[in-house]
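I have placed the structure first, in the form of structure tokens, so that the comments after it can refer back to it.
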Amino acid sequence: MTISSRILFTQKEAAAYLGTTVGTLNTWRHYGKDKIPYVRWGNRIRYRKEDLDAWIEAQLVSPVHQ
């Protein structure tokens with residue numbers, strides 16, 4: 001099973017998908033920055049691909065022509 005075919009990504013997989021680190025995801029989650037929805041059960045954190053994709057789309061900046 002490839003990372004893109006998974007329903008839920010581990011923190012490591014989500015970080016790789018976003019091109020960041022697990023530490024950055026932990027910081028964002030802890031401080032409420034860059035609110036990416038996540039699933040928690042017990043001490044496990046998982047991310048849904050569609051939530052990661054939506055977050056990526058929300059970061060899109062269109063250039064402003066002067």
Side-chain angles (χ1 to χ4, degrees):
M1 180 181 301
T2 66
I3 190 171
S4 62
S5 67
R6 292 220 175 173
I7 294 171
L8 294 174
F9 289 1
T10 65
Q11 290 184 84
K12 186 176 179 180
E13 292 167 335
Y17 188 74
L18 295 176
T20 192
T21 66
V22 170
T24 297
L25 286 180
N26 288 337
T27 299
W28 291 349
R29 195 174 58 254
H30 180 74
Y31 291 107
K33 181 182 182 328
D34 292 330
K35 298 178 193 250
I36 303 172
Y38 60 92
V39 176
R40 173 186 290 254
W41 70 90
N43 63 350
R44 294 183 182 117
I45 301 294
R46 297 291 185 265
Y47 293 89
R48 298 183 314 169
K49 182 180 182 297
E50 58 266 26
D51 292 331
L52 299 176
D53 290 338
W55 181 84
I56 291 168
E57 286 298 317
Q59 305 313 303
L60 184 63
V61 177
S62 296
V64 177
H65 298 291
Q66 295 180 352

- prompt: Under the criterion side-chain contact (heavy atoms from CB on, under 4.5 Å), which of Leu18, Leu52, Val39, Asp51 is the partner of Phe9?
  reply: Leu52
- request: Locate the shortest heavy-atom distance separating Thr21 from Ala15; write the atom from each residue and the value.
  value: C-CB, 3.5 Å
- prompt: From Thr24 OG1 over to Gln11 CD, what is the distance, rounded to the nearest 0.5 angstrom?
  reply: 11.5 Å
message: My understanding is that only residues two or more places apart in sequence, or in another chain, count here; which of them pass side chain to side chain donor-acceptor pair (under 3.5 Å) with Thr27?
response: none
query: For Glu50, which residues count as a salt bridge (Lys or Arg N to Asp or Glu O under 4.0 Å) partner, sequence neighbours excluded?
result: Arg48
Donor-acceptor under 3.5 Å (Gln59 side chain, Trp55 main chain): yes
query: Which residue pairs satisfy the side chain to side chain donor-acceptor pair (under 3.5 Å) criterion with at least one member in residues 35-47, sequence neighbours excluded?
result: Arg29-Tyr47
- prompt: Looking at CD1 of Ile45 and CG of Asn26, how far apart are the two atoms once the value is rounded to the nearest 0.5 Å?
  reply: 8.0 Å
